[in-house]
Participant: 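Take a look at the following structure, please.
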Amino acid sequence: MQNVYYKGQVLWSQIDANGHVRHSAYSDLCTQARSNMMKEIGFSMQEFAKHKIGPILFREETIFLKEVRMDEEVYVKVLMTNFNEENHRFTITHELYNSKNLKCAIVNVEGAWMDLVARKLTLIPKTLLPLIEFIPKSEDFNK
């Protein structure tokens, strides 16, 4: 399967009282997948620090489809579904699958970029903007 940026075992610390993955753990898994993807294309946390910028989220939505339990192997696909060239806001969809290749959750995030010194929204530096082209895009990608 393409665009998988996280693969790993569900840990005990990610389980809730009902014996399945707790709601906030889905966000953590997808955040790691997104971070892995950004690092792979050259948009690492170290690169952000050099430019004194960082990604911020305005909205996060999780759609739960199937239970995921402790010790299961999961993997997360990452796809950009929207990128606004004027203000550099983005939407990214994450799909979490189990070892049987069943889609268990969809996590959608909407975000932008923050200048970490001015503490205001900013644009991606022109030198880094071409890296956006390397982010996997959804079939219905909107630019």
Participant: What do you reckon, is CZ of F134 surrounded by more than 12 foreign heavy atoms closer than 6.0 Å?
Facilitator: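 Counting other residues, nucleotides and ligands, CZ of F134 stays at 12 neighbours or fewer.
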Participant: Indicate the atoms forming the closest heavy-atom contact of N82 with N142, along with that distance.
Facilitator: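 Looks like OD1-O, 2.6 Å.
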Participant: Not counting sequence neighbours, list each pair that qualifies as a side-chain hydrogen bond (donor to acceptor under 3.5 Å, both in side chains) and has a residue in residues 111-125.
Facilitator: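 Checked against side-chain hydrogen bond (donor to acceptor under 3.5 Å, both in side chains) - neighbours excluded - no pair reaches residues 111-125.
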Participant: Between I124 and I132, is a side-chain contact (heavy atoms from CB on, under 4.5 Å) present by the stated rule, with each step listed?
Facilitator: CA-CA 10 Å; I124 298 168; I132 295 296; 3.7 Å; yes
Participant: Of all heavy-atom pairs between K66 and K103, which one has the smallest distance, and what is that distance?
Facilitator: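 In terms of heavy atoms, the two residues are closest at CG-O, 3.9 Å.
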Participant: In terms of hydrophobic clusters joined by side-chain contacts under 4.5 Å, are Y97 and F64 together?
Facilitator: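 No; F64 is not reachable from Y97 via cluster members.
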Participant: Of all the heavy-atom pairs spanning Y5 and A33, show the shortest one and how long it is.
Facilitator: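 That would be CB-O, 3.2 Å.
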Participant: Test your reading of the model: is there a side-chain donor-acceptor pair from K137 to the backbone of I135, 3.5 Å cut-off?
Facilitator: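 Between the backbone of I135 and the side chain of K137 there is a qualifying donor-acceptor contact (under 3.5 Å).
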Participant: Do H94 side-chain atoms and V78 backbone N/O form a donor-acceptor pair below 3.5 Å?
Facilitator: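 No, because the side chain of H94 does not come within donor-acceptor range (under 3.5 Å) of the backbone of V78.
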Participant: Measuring from atom CG of D28 to atom OG of S13, what distance do you get when rounded to the nearest 0.5 angstrom?
Facilitator: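 It comes to 9.0 Å.
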Participant: Taking the side chain as C-beta and beyond, is there a heavy-atom pair between E95 and V76 under 4.5 Å?
Facilitator: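 E95 vs V76: side chains apart.
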Participant: Test side-chain contact (heavy atoms from CB on, under 4.5 Å) on I53 and L123; report intermediate values, then the result.
Facilitator: CA-CA 9 Å; I53 64 169; L123 301 178; over 6 Å; no
Participant: Rounded at 0.5 Å granularity, tell me how far CG in N98 sits from CD in E67.
Facilitator: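 Between atom CG of N98 and atom CD of E67 there are 11.5 Å.
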Participant: Which atoms form the tightest heavy-atom contact between N18 and R69, and what is the distance?
Facilitator: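 N18 and R69 have their closest heavy atoms at O-NH1, 4.1 Å.
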Participant: Does one side chain, of E60 or S27, offer a donor that lies under 3.5 Å from an acceptor on the other?
Facilitator: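 S27 and E60 do have a side-chain donor-acceptor pair below 3.5 Å.
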Participant: Ignoring hydrogens, what is the shortest heavy-atom contact between C104 and V68? Give both atom names and the distance.
Facilitator: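 Heavy-atom minimum between the residues: CB-CG2, 3.5 Å.
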Participant: Side-chain heavy atoms under 4.5 angstrom apart, residues restricted to Ile, Leu, Val, Met, Phe, Trp, Tyr: same cluster for L116 and L57?
Facilitator: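 Looking at the clustering, L57 is in a separate group from L116.
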Participant: Run the side-chain contact (heavy atoms from CB on, under 4.5 Å) test on I106 and L96 for me, step by step, so that the C-alpha distance in whole Å, both residues' side-chain angles and the decisive distance to 0.1 Å come before the verdict.
Facilitator: CA-CA 6 Å; I106 301 167; L96 187 136; over 6 Å; no
Participant: In Å and rounded to the nearest 0.5 Å, what is the CG to OG1 distance from N3 to T93?
Facilitator: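 Reported value, rounded in 0.5 Å steps: 12.0 Å.
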Participant: Under a 4.5 Å side-chain heavy-atom rule over Ile, Leu, Val, Met, Phe, Trp and Tyr, are V74 and I15 clustered together?
Facilitator: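 Per the 4.5 Å side-chain linkage, V74 and I15 are co-clustered.
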Participant: If the test is side-chain contact (heavy atoms from CB on, under 4.5 Å), which one of M37, Q32, R34, K77 qualifies with Y6?
Facilitator: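 Only one option passes, and that is Q32.
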Participant: CD1/I92 to CG/L79 distance, rounded to the nearest 0.5 angstrom?
Facilitator: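 One finds 9.5 Å between CD1 of I92 and CG of L79.
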Participant: Side-chain heavy atoms nearer than 4.5 Å, only ILVMFWY residues, links allowed to pass through others: does that put L29 and V4 together?
Facilitator: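 Shared cluster, no.
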Participant: For R89 and E110, indicate whether the former's side chain and the latter's backbone hold a donor-acceptor pair under 3.5 Å.
Facilitator: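 No, because the side chain of R89 does not come within donor-acceptor range (under 3.5 Å) of the backbone of E110.
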Participant: Quick one: are the ring centres of F141 and F83 less than 6.0 Å apart?
Facilitator: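 No; F83 has its ring centre 6.0 Å or more from that of F141.
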Participant: For the aromatic rings, using the six-membered ring if either is Trp, is the centroid distance between F43 and F48 under 6.0 Å?
Facilitator: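 Between F48 and F43, which both carry aromatic rings, the centre distance is below 6.0 Å.
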Participant: Kindly compute the distance separating CD1 (I56) from CG (L121), expressed to the nearest 0.5 Å.
Facilitator: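 The distance works out to 5.0 Å.
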Participant: Nearest 0.5 Å, what's the CG-CZ distance between N84 and F90?
Facilitator: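 Here the interatomic distance stands at 12.0 Å.
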Participant: Quick one, R59 with T91, criterion side-chain contact (heavy atoms from CB on, under 4.5 Å). Give me CA distance, side-chain angles, the key distance, then yes/no.
Facilitator: CA-CA 9 Å; R59 181 176 160 295; T91 305; over 6 Å; no
Participant: Answer with yes or no whether the hydrophobic clustering places F58 together with V109; edges join I, L, V, M, F, W, Y residues whose side-chain heavy atoms lie under 4.5 Å apart.
Facilitator: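 No, no single cluster joins them.
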